Amino acid sequence: MTHHDPSPAPLTSVHHLRHPLIDHHLALLRDRATEPPEFRLLVQRLAMLLAYEATQDLSLLPIEVHTPMTYTTGHVLRERVGLVPILRAGLGMVDPLLQLIPTAEVWHLGVYRDESTAQPVEYYSKIPETGPVDVGLVLDPMLATGGSINSAIAALKSWNVPRIKVLSIIASQPGVEAVQSRHPDVQIFACAIDPELDARKYIVPGLGDAGDRIFNTRRG
Ligand code: PRP
Ligand code: URA
């Protein structure tokens with residue numbers, strides 16, 4: 001009998017998180033009146049919720065645990081997880097991720113957008129050439145055109161990281177499409193997918209400049 005396998009599920013996946021806590025914290029994060037101290041806390045809370053969702057498929061190793069009552073089997077993380085924050089704004093997501101995955105490695109990547117062209121410029125990379133992690137989590141609260149994320153993914157691919165996930169608080173629809181078309185194997189997790197970019201390639205409605213709001217460097 002001829003047997004036709006069903007088409008494999010596409011590897012590409014965009015996970016738009018839906019949860020009342022996400023809506024609540026996101027509304028406060030977007031508010032222009034939210035000052036940097038609270039903005040940072042909101043980024044941390046949303047990053048934790050993204051981390052919870054994005055790490056569902058991490059594999060585990062059984063271990064024997066001696067409780068005060070008896071022996072039982074517990075499970076601990078088996079895989080090497082690498083956090084790759086894109087400087088600057090991605091730094092705001094590192095601590096909450098380390099709260100949940102204390103054994104994660106942090107590999108910094110500096111990318112900024114040239115203000116006149118919105119093209120990404122890589123200016124710093126701690127990513128080594130050998131010994132890749134098992135799972136790479138790219139951290140950046142904003143995925144606008146997708147240029148910076150695509151540049152980070154390319155860096156992780158040249159390090160031969162087999163599983164790459166992007167954690168962004170706000171992504172734009174065109175940015176998601178730009179990442180998906182270049183890297184269909186990479187999963188994207190976002191708390192919101194906003195419809196468009198303005199003429200300066202800022203996300204609308206968005207939240208403005210995430211790096212400036214985290215680090216209190218907003219001018220004017
Ligand atoms: C912002 C943001 C992303 C990037 C998103 O960084 O944190 O890294 O822009 O835009 P893209 O998807 O169009 O590439 P920015 O360039 O402002 O750097 P900074 O945080 O160092 O100021
Ligand atoms: N970078 C930001 O911080 N915000 C945007 O809306 C776009 C790029």
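This one's a predicted model, so the numbers in the text were calculated from it and none came from an experiment. Both backbone and side-chain heavy atoms feed into the values below; hydrogens, waters and symmetry mates do not. In each ligand, atom 1 is the first atom listed, and ligand 1 is the first ligand listed.
Side-chain contact between Gln173 and Glu196 is absent, with no heavy-atom pair separated by less than 4.5 Å. For the pair Val161 and Arg163, the minimum side-chain heavy-atom distance is 4.5 Å or more.
Ion pairing of Arg30 with Asp194 is present here, as a side-chain N (NZ or NE/NH1/NH2) and a carboxylate O approach within less than 4.0 Å. Using a cutoff of 4.0 Å between basic side-chain nitrogens and carboxylate oxygens, Asp95 and Arg40 are not scored as salt-bridged. Ion pairing of Asp185 with Lys157 is present here, as a side-chain N (NZ or NE/NH1/NH2) and a carboxylate O approach within less than 4.0 Å. Using a cut-off of 4.0 Å between Lys/Arg side-chain N and Asp/Glu carboxylate O, Arg200 and Glu115 are scored as not salt-bridged.
Closest protein heavy atom to atom 16 (O) of ligand 1: Arg113 N, 2.8 Å. Here the protein heavy atom with the shortest distance to atom 17 (O) of ligand 1 is Asp209 OD2, 3.9 Å. Protein heavy atom at the shortest distance from atom 19 (P) of ligand 1 is Arg88 NE, 3.5 Å.
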Side-chain donor-acceptor distances from residues 121-136 under 3.5 Å, at least two apart:
unit_1: Ser125; atom_1: OG; unit_2: Ile127; atom_2: N; d: 3.2
unit_1: Asp134; atom_1: OD2; unit_2: Arg80; atom_2: N; d: 2.7

Identify each donor-acceptor pair in which a side-chain atom of residues 46-54 lies under 3.5 Å from a protein atom, sequence neighbours left out, and give them as a table.
unit_1: Glu53; atom_1: OE2; unit_2: Gln56; atom_2: NE2; d: 3.4

Show me a pair-per-line table, with atom names and distances to 0.1 Å, of protein N or O atoms that are under 3.5 Å from an N or O of ligand 2.
unit_1: ligand 2; atom_1: 3 (O); unit_2: Ala210; atom_2: N; d: 2.8
unit_1: ligand 2; atom_1: 4 (N); unit_2: Gly208; atom_2: O; d: 2.8
unit_1: ligand 2; atom_1: 6 (O); unit_2: Ile203; atom_2: N; d: 2.8

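Under the 4.0 angstrom criterion for non-hydrogen atoms, Gly146 is in contact with ligand 1. Close to ligand 1: Met142, with a non-hydrogen atom less than 4.0 angstrom away.
Between Lys201 and ligand 1, not a single N/O pair is under 3.5 Å apart. For the pair Tyr123 and ligand 1, the shortest N or O to N or O distance does not fall below 3.5 Å.
With hydrogens and angles ignored, the 3.5 Å screen pairs no side-chain donor or acceptor of Ser148 with any backbone N or O of Val111. Here the side chain of Arg113 pairs a donor or acceptor atom with the backbone of Lys201 at under 3.5 angstrom.
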Starting from the C-alpha separation in whole Å, work towards a yes-or-no answer on side-chain hydrogen bond (donor to acceptor under 3.5 Å, both in side chains) for Thr217 and Asp212.
-> CA-CA 5 Å; Thr217 51; Asp212 282 346; 2.6 Å; yes
Can you list the steps and then say if Leu41 with His25 is a side chain to side chain contact (heavy atoms under 4.5 Å, CB included)?
-> CA-CA 10 Å; Leu41 291 175; His25 295 298; over 6 Å; no
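Numbered from 1 in the order shown, with element, the atoms of ligand 1 that lie under 4.0 Å from a heavy atom of Ala89 read 7 (O), 20 (O). For ligand 1 and Gly147, the ligand atoms under 4.0 Å from any heavy atom of the residue are 12 (O), 14 (O). Residue Ser148 has at least one heavy-atom neighbour below 4.0 Å for each of these atoms of ligand 1: 4 (C), 8 (O), 11 (P), 14 (O). Listed by number with element, the atoms of ligand 1 under 4.0 angstrom from any heavy atom of Thr145 are 11 (P), 12 (O), 13 (O), 14 (O).
For atom 1 (C) of ligand 1, no protein heavy-atom neighbour is present inside the 4.0 Å cut-off. At a distance under 4.0 Å, a protein heavy atom can be found next to atom 21 (O) of ligand 1.
Other residues sharing a hydrophobic cluster with Met69 under the 4.5 Å side-chain heavy-atom criterion for ILVMFWY residues do not exist; the residue is a singleton.
Under 4.0 Å from ligand 1, not a single heavy atom of Ala210 appears.
Among Asp140, Ile170, Ile86, Leu87, the residue whose heavy atom lies nearest to atom 3 (C) of ligand 1 is Asp140.
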